[in-house]
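For reference, the structure is listed below as C-alpha cells.
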Amino acid sequence: MPVDMGRRRIFVGDLQGCREEFEALLERVKFDPSVDTLHPVGDLVNRGPDSVGCLRLAKELGAKPVLGNHDVHMLRQWKDPSHRGKRRTLHEVLAADDGEELLSWLAKQPIIRGWDDVVCVHAGLHPGWKNPVKKASNRSPFDVDDAVVEFAVRARYCDPSGALPKDGDFPPPPAPFAPWDAFWRARENDSRTVVFGHWARRGLVELERTRGLDTGCVYGGYLTAWIAETDRIESVPAHRAWHRTA
Ligand SMILES: [Mn+2]
C-alpha cells in the first residue's frame with residue numbers, strides 16, 4: 001500500500017492521565033487534526049494526574065481510541081453503581097462539567113479496531129480468534145461477550161489455545177505460555193501489523209508485524225507514538241514519575 005503522508009494514523013501508547021506528555025507528543029509528531037487521525041491504544045485514564053484532560057483532549061481532537069482495562073473498569077462503574085473497586089477516577093471525571101459527555105464518548109469506543117494493514121487492541125488478541133476485527137470492532141464493550149473483552153484488555157501471556165496463566169504474568173510463566181503476540185506472528189497468510197499497549201514492564205516492542213507502545217509514561221518512562229504510514233516510532237519523556245511501579 002502506498003505511503004500517504006497526507007493522512008497518517010498515529011497510534012499513542014497508554015496515556016493514564018498524562019495530559020502534559022500527551023500534548024508534548026502531539027507537538028513531536030506535528031499532529032494535524034485536519035488530516036491525521038489519532039488512535040490511543042487504551043488506558044486513557046487512571047493512575048496519572050489528569051484523566052479528565054486526556055479524555056477531553058482526545059475527544060476534541062476526534063481521536064478514535066480502543067478501550068483498555070482501566071477505561072472499561074471506569075465505564076462499568078459508571079453504568080453499575082454496585083461495581084467493585086475504587087471509584088476515584090470516575091469521581092474525578094464526573095466532577096467535571098463535561099464529565100457525562102466524556103464518559104458517553106468513551107463508552108462508544110470499541111476494544112478492537114482494524115484496517116487492511118493494521119489491527120489495534122489494548123492488550124492482546126486470542127490465538128483462536130479467526131477474525132479478531134469482526135469480533136469486536138465498531139461495537140461498545142457492553143455489546144461484546146465479557147470473555148472477549150477480558151482477553152482483549154488484559155492478556156499478556158497465553159498458551160497456544162489462548163488460556164491465560166493461572167499464576168499471572170510475573171514471574172513469566174513457563175512454556176507453552178508465551179507473549180500472546182508470538183501466536184499472532186505465527187499466523188499464516190496474515191500480513192497485518194498488530195499495535196497494542198498494556199505492557200509497561202516489557203516496554204517498546206518492535207517485532208515483525210508487532211508494535212507494543214506502552215513505555216510506562218505514568219511510571220516516569222516515555223509516552224510513545226507509532227505512525228503507521230511511515231512505520232516510525234516517536235516518543236517524549238515523562239515529566240516525572242506520576243505513579244509507583246506496581
Ligand atoms: Mn492496561
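Read the numbers this way: they start at 1 and go in the same order the structure lists the ligands and their atoms. All heavy atoms count here, side chains included; hydrogens, waters and symmetry mates do not.
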Check: Is H70 close enough to the Mn ion (ligand 1) to have an N, O or S atom under 2.8 Å?
Finding: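 Given the 2.8 Å cut-off, H70 does not count as a ligand of the Mn ion (ligand 1).
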
Note to self: When you measure from the Mn ion (ligand 1) to the N, O or S atoms of D43, does any of those distances fall below 2.8 Å?
What the structure shows: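 Yes, D43 qualifies, because one of its backbone or side-chain N, O or S atoms lies under 2.8 Å.
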
Checklist line | Aromatic F11 / basic R211 pairing, under 6.0 angstrom, 45° off normal | finding: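 Not satisfied by the 6.0 Å and 45° rule.
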
Less than 4.0 Å between a side-chain N and a carboxylate O, is that true for [Y] and [X]?
{"X": "E23", "Y": "R19", "result": "yes"}
{"X": "R139", "Y": "D145", "result": "no"}
{"X": "D117", "Y": "R192", "result": "no"}

Notebook entry, point to check: What's the atom name of the N, O or S in H198 nearest to the Mn ion (ligand 1)?
Noted result: ND1

